[in-house]
Amino acid sequence: MAEQERLPTKPDGTKYRILIVDDAHFMIKTLDKMITDLGADVIDTALDGNEAVEKYKFHMPGIDLVTLDITMPIKNGIEALKEIRALDPKARCVMVSAMGTDDNVKEAILLGAKHFIAKPFKQDKVYEVLKLILSRPV
Amino acid sequence: MKIEYIKPFVRAAVSVLEEFAVAEVLPGDVTLAGQTHNGTGMVVMIGITGRLSGWVTFDMSSETAAAIASAMTRAPSTQDQSHIQSAIAELGNMISGRAVSGLAKEGYKIDITPPVAISGSRIGMTDPENPPVCWVAPLDTEHGKITLNLALKEA
């Protein structure tokens, strides 16, 4: 198997910092390992939309990208996306969800999400999307 | 309740399980059964809302749940019930999400609720708000049998 490429670092040489939001501990662990192996830092994790907004606020401006699940209790990923983008219009959010319907994808993109990864996914897909989004100017 | 509704769930279950290296999945015949069913081991339940409403469950033995969770994480089997429940709940979420995406292409605007995983030896479930019957689809895998139950009504 070919060796997995690693994500670039920021212009100052430090690693990109990522917030993972998902209500499933299993998915948080899976994404945490993939992202860490790809050479970025998982700065924090959140289990629902409310926690995501609070953690984004707490770490601001220290988060370079947020991965957001859609179907979550308390506050879903679409609501959290709206609030995070209201706090920081430059926030880079990638939706990571099993709900890959056209309506969901369109709504998320219209609200400012940068990309959509459908579950289940492989590390190659995570690399491809994160590299694309992180390499664009904010 | 149309049998067509269960087909996207069976297709999604086969494809998601195979993507997680549960090498071969053989779906059995779909049958109609009483809605009240008794699960054994682990049951994952996901609500369905929108133009179609109801629920889907995935029943399996504790051993099957542990083996599939292990295949999903590519890690040795664990006895950590919270880890197994989280993995199997997410499996149900991914299968249901993919099935709902398939139904959306046929014009059904529906959504799913977060999954709930329950473990136990005699898990009985009844939902008086939905039809008294559900479609049942057995799925044979190398790790044991998974039973998919689906109860839906048109809103």
Side-chain angles (χ1 to χ4, degrees), chain A residues 1 4 20-37 45-52 67-81 94-109 116-126, chain B residues 8-9 12-22 44 46-51 56 65-66 68-75 78 80-117:
Chain A
M1 190 192 288
Q4 175 63 55
I20 300 174
V21 185
D22 201 299
D23 63 329
H25 287 283
F26 162 77
M27 193 48 66
I28 285 182
K29 272 189 197 170
T30 303
L31 265 175
D32 189 330
K33 183 170 186 327
M34 285 183 181
I35 289 170
T36 305
D37 287 350
T45 62
L47 288 163
D48 62 63
N50 263 350
E51 202 182 343
T67 68
L68 266 175
D69 185 17
I70 292 182
T71 308
M72 292 187 290
I74 305 172
K75 181 177 286 170
N76 70 31
I78 296 288
E79 291 301 316
L81 170 68
V94 171
M95 311 312 285
V96 181
S97 175
M99 284 293 293
T101 61
D102 290 350
D103 284 353
N104 276 327
V105 176
K106 275 182 206 157
E107 186 180 12
I109 299 295
F116 195 102
I117 298 175
K119 295 176 183 175
F121 48 80
K122 292 200 160 64
Q123 191 175 34
D124 290 1
K125 182 70 185 175
V126 176
Chain B
F9 284 87
V14 171
S15 63
V16 170
L17 281 162
E18 289 184 347
E19 281 173 44
F20 274 120
V22 179
V44 173
I46 291 164
I48 297 169
T49 59
R51 201 177 137 196
V56 59
I68 290 176
S70 164
M72 287 171 72
T73 50
R74 294 185 173 85
T78 170
D80 178 352
Q81 281 304 306
S82 63
H83 171 80
I84 296 170
Q85 281 191 342
S86 178
I88 299 301
E90 189 56 27
L91 176 74
N93 181 48
M94 287 187 275
I95 292 170
S96 305
R98 187 171 289 186
V100 163
S101 302
L103 282 165
K105 285 179 187 151
E106 294 169 26
Y108 294 100
K109 192 175 168 61
I110 46 182
D111 208 344
I112 56 174
T113 65
V116 176

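These figures come from a predicted structure and were not determined experimentally. The basis for the numbers below is simple: all heavy atoms, side chains too, and nothing from hydrogens, waters or symmetry mates. Chain letters run A, B, ... following the sequence lines, proteins first and then strands; every chain starts at 1.
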* Asked: Which region of A:D22, side chain (C-beta onward) or backbone (N, CA, C, O), has a non-hydrogen atom less than 4.5 Å from a non-hydrogen atom of chain B, or is it both or neither?
  -> side chain

* Asked: Between B:S86 (side chain) and A:H25 (backbone), is there a donor-acceptor pair under 3.5 Å?
  -> yes

* Taking B:A12, B:S82, B:A87, B:G102 one by one, which has the highest count of heavy-atom pairs under 4.5 Å against chain A? -> B:A87

* Flag if over 12 foreign heavy atoms under 6.0 Å of NE2, B:H83 -> yes

* Asked: Looking at side-chain heavy atoms only, is the closest gap between B:E19 and B:M94 below 4.5 Å?
  -> no

* chain B heavy atoms under 4.5 Å from A:M99: which part of the residue, side chain, backbone, both or neither? -> both

* Structural part of B:S96 lying under 4.5 Å from a heavy atom of chain A -> neither

* **chain A contact via B:I46 - which portion, at a heavy-atom distance below 4.5 Å** => neither

* Donor-acceptor pair, A:E79 side chain versus A:K75 backbone, under 3.5 Å? -> no

* By a 4.5 Å heavy-atom criterion (distance strictly below it), what part of A:K33 contacts chain B: side chain, backbone, both, or neither? -> neither

* Matching residue for A:D69 among A:M95, A:M27, A:K119 - test: side-chain contact (heavy atoms from CB on, under 4.5 Å) -> A:K119

* Given a strict heavy-atom distance threshold of 4.5 Å, which part of B:A89 is in contact with chain A: side chain, backbone, both, or neither? -> neither

* Pair listing, side-chain hydrogen bond (donor to acceptor under 3.5 Å, both in side chains) test, anchored in residues 101-110 of chain B, at least two apart -> A:D103-B:K109

